[in-house]
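The first residue of the sequence shown is numbered 1, and numbering continues consecutively from there. Predicted model only: the values in this text are computed from it and were never measured. Because only heavy atoms are used, hydrogens play no part in the values below, and waters and symmetry mates are left out as well, while side chains stay in.
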Amino acid sequence: MNGGVAASERLTAEIAKVVVGQSAPVGELLAALLAGGHVLLEGVPGLAKTLLAKALARALDLRFGRVQFTPDLMPADILGTSVYRPDSGTFELRRGPIFTEVLLADEVNRTPPKTQAALLEAMEERQVTLDGQRQPLGETFFVIATQNPVEYEGTYPLPEAQADRFLMKIRIDYPTETEEAEILRRAAAGLDFHDLAAAGVAPALARAELLELRARATALPVAAPVLEYVSRLVRRSRELTRARLGASPRAGVGLLAAARARAALSGAAWVAPEDVKAMAPPVLRHRLVLRPEAELEGATPDDLVQELLETVEVPR
């Protein structure tokens, strides 16, 4: 079996031991990691967003860290700071929780813009500067930020320019009736969803295999018609009558990287238009801003993405 397909299936199987019915988000998360981006995970409370992030980190055998974002959280609480040691008369650098490999930024929209900006800068640069010294965050540094699509009172919604720093916005939906019954069955059987080791979740992908998959995705050839397809999707998004703001060139670069990652995971030898179409919703939905009149009509960014996919010709 192809390495990318096998790796994806092993990873999904491990996560499924504790997370029921989220195979699509798992695939998108893995694609984002291979593409070198970060993810905004959106869903109402109680849909296992935190559990999904923890299980992903364990299945990838990566260090996991979690920060609960609150209105009083300061940048130093995430990045770290220098602490004076009276016994030695020196300052000791204490690294913050951002120094990990998979960081869950829980409810990122509940902390002030200054703290949000500190996180986003570290995401972009993959390093932190403390006391004038650069501290690298590592090649597998991956941020999964969650936000609640309801209860906006007292929150600090990410500005469009900051949301654009996330490669993907992945939506977590309610489980189906069958999936919810399975969750209850597992709970009744005594499964502790907080104890991943006891639940049998084990590493499914070695670090070297993950980096090899990333290198393979980066090297996948992309034909000129597919590049043109990505360009037309992005440029057309700026012409939509219901859109106040379309996708930027960075969105096009991100869409291409995500499509390459998906192709690598499926075992393809090149990027196909279907890879671009599959990655368009998570890559573009948080970058398209509706006009007020379109919002009043009940339109959503996903509707705009669907319009793009239906109106922009797919290369043969």
Side-chain angles (χ1 to χ4, degrees), residues 29 32-33 35-43 45 49-58 60-170 194 196 207 250 254 286:
L29 283 166
L33 180 56
H38 306 281
V39 166
L40 192 59
L41 203 60
E42 184 176 87
K49 298 187 295 296
T50 298
L51 181 61
L52 176 60
K54 289 173 60 178
L56 177 72
R58 181 167 178 82
L60 290 171
D61 199 20
L62 299 176
R63 287 179 290 112
F64 176 77
R66 177 177 181 268
V67 178
Q68 182 64 53
F69 279 61
T70 57
D72 60 347
L73 196 72
M74 299 298 292
D77 297 326
I78 302 173
L79 307 181
T81 187
S82 292
V83 178
Y84 182 69
R85 297 291 300 272
D87 54 339
S88 61
T90 60
F91 285 90
E92 177 186 351
L93 179 63
R94 291 190 179 177
R95 294 185 170 191
I98 201 170
F99 288 92
T100 188
E101 291 176 300
V102 177
L103 176 69
L104 176 66
D106 214 356
E107 295 190 291
V108 69
N109 57 332
R110 294 199 178 277
T111 203
K114 184 177 182 179
T115 306
Q116 292 175 352
L119 171 67
L120 293 165
E121 181 181 3
M123 287 165 46
E124 183 71 14
E125 303 297 334
R126 278 183 163 71
Q127 67 179 21
V128 172
T129 301
L130 295 172
D131 288 345
Q133 296 183 350
R134 294 180 178 179
Q135 306 288 334
L137 293 172
E139 56 189 347
T140 56
F141 178 64
F142 182 47
V143 173
I144 302 174
T146 72
Q147 67 177 11
N148 186 345
V150 296
E151 298 177 358
Y152 281 115
E153 186 174 350
T155 66
Y156 304 84
L158 289 173
E160 288 83 358
Q162 292 189 5
D164 189 57
R165 299 287 179 175
F166 289 93
L167 174 62
M168 296 185 193
K169 179 179 180 179
I170 299 175
H194 300 287
L196 300 183
R207 183 187 303 270
R250 175 163 45 207
H286 58 299

Once you round to the nearest 0.5 Å, how far does [atom1] of [X] lie from [atom2] of [Y]?
X	Y	atom1	atom2	value
T140	R63	OG1	CZ	7.5 Å
H286	L40	NE2	CG	7.0 Å
L103	I78	CG	CD1	8.0 Å
L79	Q135	CG	CD	11.0 Å
Q127	E121	CD	CD	8.5 Å
T50	F64	OG1	CZ	7.0 Å

| said: Using side-chain contact (heavy atoms from CB on, under 4.5 Å), reason through R250 and R165 one step at a time and then give a plain yes or no. | reply: CA-CA 9 Å; R250 175 163 45 207; R165 299 287 179 175; 2.9 Å; yes
| said: Does Q133, at its CD atom, have more than 12 non-hydrogen atoms belonging to other residues, nucleotides or ligands within less than 6.0 Å? | reply: no
| task | Please list, chain by chain and in numerical order, all residues satisfying ring pair (Phe, Tyr, Trp, His ring centres under 6.0 Å) with F99, sequence neighbours excluded. | result | none
Please tell me if the side chains of [X] and [Y] come closer than 4.5 Å, counting only heavy atoms from C-beta onward.
X	Y	result
F142	L62	no
F141	I98	yes
E101	L60	no

Heavy-atom pair of closest approach, residues [X] and [Y]:
X	Y	answer
H194	K54	O-NZ, 3.9 Å
L196	R58	CB-CD, 3.6 Å
Q162	A117	NE2-CB, 4.2 Å
A53	L104	CB-CD1, 4.0 Å
L167	A35	CD2-CB, 3.7 Å
T115	P75	OG1-CD, 3.6 Å

| task | With F69 as reference, evaluate L119, T146, D77 under the side-chain contact (heavy atoms from CB on, under 4.5 Å) test and give the passing residue. | result | L119
Counting distance only, does the side-chain N/O of [X] pair as donor-acceptor with the main-chain N or O of [Y] below 3.5 Å?
X	Y	result
K49	G43	yes
T111	T70	yes
E107	N148	no

| message | For K169 and Q147: C-alpha separation, side-chain torsions, deciding distance, then whether side-chain contact (heavy atoms from CB on, under 4.5 Å) applies. | response | CA-CA 10 Å; K169 179 179 180 179; Q147 67 177 11; 4.0 Å; yes
| Passes side-chain contact (heavy atoms from CB on, under 4.5 Å), V108 versus V67? Steps please. | CA-CA 9 Å; V108 69; V67 178; over 6 Å; no
| task | For I144 and L52, run side-chain contact (heavy atoms from CB on, under 4.5 Å): C-alpha distance rounded to whole Å, both residues' side-chain angles, the deciding distance at 0.1 Å, then the answer. | result | CA-CA 10 Å; I144 302 174; L52 176 60; over 6 Å; no
